[in-house]
Amino acid sequence: MTDASSQTTEILAATPLSGETLSLIELCRRLQVDADWVTELVHHGAIDPTDGAVGTWEFEAITVVRVARAKRLRQDLELTPAGVAVVLELLDQISDLRIQLAQHGRE
Amino acid sequence: MQYRDYYKILSLERDATQDEIKRTYRKLVRKFHPDISKELGAEDKFKEVGEAYAVLGDIEKRAAYDQLGRDWQAGQQFSPPPNWDQGFEYSGAAANGDAGASSDFFESLFGRMGQHGDMFRGNADIRARGEDHHAKIEIDVRDSFAGVTRTISLRAPHIDPSGRVTLRSRALQVKIPKGVIEGQNLRLKGQGTAGMGPNEAGDLYLEIRFKPDDVYRASGADLYIDLPVTPWEAALGAEIEIPTPQGPIRMKIPPGSAQGSRLRIKGRGIPSPSPGDLFAVLQVVLPPADSDAARNLYAEMARLLPLDPRVSLRAKMGEAKA
């Protein structure tokens, strides 16, 4: 049995998210959220399946991070799926603006 | 242990109504939510506000807290009086907040909040894989050029073999690969919460943030630098040296370049799987007119190079009027 509590100086590799995809069930299990709620997020355009009709949805690995954020927003701010979708949309816009801002200097 | 002034944390008077407390709490939670605020320290502030509300938002806890008296100052050394909460009945409603996020002060008064409730909520399935953790890590833009190894320290709830939940700090040495960009998430497999029984542990996700840099501005995988040039370098063209992540290179400024022109150096941005470009944004620096010779030169330019820089501005204003 490996004991996670032993102090280690091992260097761990942080790796970019790979191209693997997750099904709706895998996504829900990973985040301990309800499939209905995730489905609502999809219907509101807050997250996008890469492909597939309802029932065979596949999600990019990065969707885990986005849904985790959505879950925090729901818990902390008591947001409905529509509210979560608006907040995520605005956060996307802010991040696009930051990317553009960098092109123009700080003054 | 230090006394915490929960009213001060919410910027409220001690006679605030429950309604005011709730409104203020909601406002502050939006403001400092770590997913919304870019401010450094927002996360600590968020937890502090959550803890203040866990007490003041609950009439019973608030009454108990209030009877500690109003003479305490935030940060003052504090230990609860014996039987301090006698006569107050708790309905045991779940406190609002992260597991393990509460201060020593809070825990000495009300116990660890949300402990079991939070850890196991929605997680009753004994076959559950461990939970993922999400954290942000701030690195220098320049660390993305070659990669970097950093030590990060995380505080997370941990279930010991006897099933008790404890808060544990752990330090991880993490190798960040080269080519990462702002906002990108990296994964450390198995570094989240341990799984129940034989189950897989969760993963740790790290979101990359860049510290502001004096030279480079990152825009996705592209890098921007301001490149100061003289008016004659811009007008006549020149060959000058500029810094790039891979070391300085010499490059040609084409004749007739203008203020703000962008020179693109292909593939010299962040070395991502599809490498970004480096853009040098020309900043024309005017020589100061601080001597007779300089003033005479400017006067001569005015004579020899008549220029009306506001032609297009007037044209546009004309259009706007029509």
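By convention in this document, chain letters (A, B, ...) are assigned in the order of the sequence lines, proteins followed by strands, and residues within each chain are numbered from 1. Treat the numbers as computed from the prediction; the structure is a model and nothing was measured.
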Task: Under 4.5 Å from a heavy atom of chain A, the part of Ile225(B) involved - done: neither
Open item on the list: Given 3.5 Å as the limit, does a donor-acceptor pair link the side chain of Ser219(B) with the main chain of Gln100(A), or not?
Closed with: no
Open item on the list: Is it true that, when you exclude Lys136(B) itself, more than 12 heavy atoms of the residues, nucleotides or ligands shown sit nearer than 6.0 Å to its NZ?
Closed with: yes
Task: Side-chain touch Pro16(A)/Leu186(B), heavy atoms, less than 4.5 angstrom - done: yes
Task: Proximal component of Tyr205(B), with respect to chain A [non-hydrogen, under 4.5 Å] - done: side chain
Open item on the list: Looking at Lys189(B), I'd like to know if its NZ atom is crowded, meaning that more than 12 non-hydrogen atoms belonging to other residues, nucleotides or ligands lie closer than 6.0 Å.
Closed with: yes
Task: Top contributor to chain B interface from Val87(A), Leu90(A), Ile62(A), Ile99(A) [non-hydrogen pairs under 4.5 Å] - done: Ile99(A)
Open item on the list: Please classify the contact of Asp222(B) with chain A as side chain, backbone, both or neither, using a heavy-atom distance under 4.5 Å.
Closed with: neither
Task: Gap separating the OG1 atom of Thr149(B) from the CD1 atom of Ile11(A), nearest 0.5 angstrom - done: 4.5 Å
- [ ] Provide the closest heavy-atom pair for Arg72(A) versus His33(B) in the form atom of the first, atom of the second, distance.
- [x] O-NE2, 3.8 Å
Task: Contacting moiety of Gln283(B), where chain A heavy atoms sit under 4.5 Å - done: neither
Task: Atom pair CD1/CG of Ile36(B) and Leu77(A) - distance to nearest 0.5 Å - done: 5.0 Å
TODO: Assess whether salt bridge (Lys or Arg N to Asp or Glu O under 4.0 Å) is satisfied between Arg29(A) and Glu200(B), documenting all intermediate values.
DONE: CA-CA 12 Å; Arg29(A) 190 173 293 159; Glu200(B) 214 185 327; over 6 Å; no
Open item on the list: Between Arg98(A) and Glu182(B) (salt bridge meaning N to carboxylate O under 4.0 Å), is one present in this structure?
Closed with: yes
Open item on the list: Would you say NZ of Lys266(B) has more than 12 non-hydrogen atoms from neighbouring residues, nucleotides or ligands within 6.0 angstrom?
Closed with: no
TODO: For Lys175(B) and Glu10(A), run salt bridge (Lys or Arg N to Asp or Glu O under 4.0 Å): C-alpha distance rounded to whole Å, both residues' side-chain angles, the deciding distance at 0.1 Å, then the answer.
DONE: CA-CA 10 Å; Lys175(B) 166 110 184 76; Glu10(A) 180 196 356; over 6 Å; no
Task: Residue part contacting chain A, namely of Arg26(B), when any heavy atom lies under 4.5 Å - done: side chain
- [ ] To the nearest 0.5 Å, tell me how far Asn185(B) CG sits from Thr15(A) OG1.
- [x] 11.0 Å
Task: Lys22(B) bridged to Glu78(A) by N-O distance under 4.0 Å - done: no
- [ ] Mind ranking Leu188(B), Asp35(B), Leu204(B) by heavy-atom pairs under 4.5 Å with chain A and telling me who comes out on top?
- [x] Asp35(B)
- [ ] Hey, could you give me the CD/CG distance between Gln184(B) and Leu17(A), rounded to the nearest 0.5 Å?
- [x] 7.5 Å
Task: Heavy-atom side-chain contact between Leu31(A) and Glu131(B) under 4.5 Å - done: no
Open item on the list: Between Arg262(B) and Gln103(A), is there a side-chain heavy-atom distance shorter than 4.5 Å?
Closed with: yes
Task: chain A contacts, top residue of Val29(B), Ile208(B), Val180(B), Val281(B) (heavy-atom pairs, under 4.5 Å) - done: Val29(B)
TODO: Against chain A, work out which of Ile176(B), Asp132(B), Leu206(B) has the most heavy-atom pairs shorter than 4.5 Å and name it.
DONE: Asp132(B)
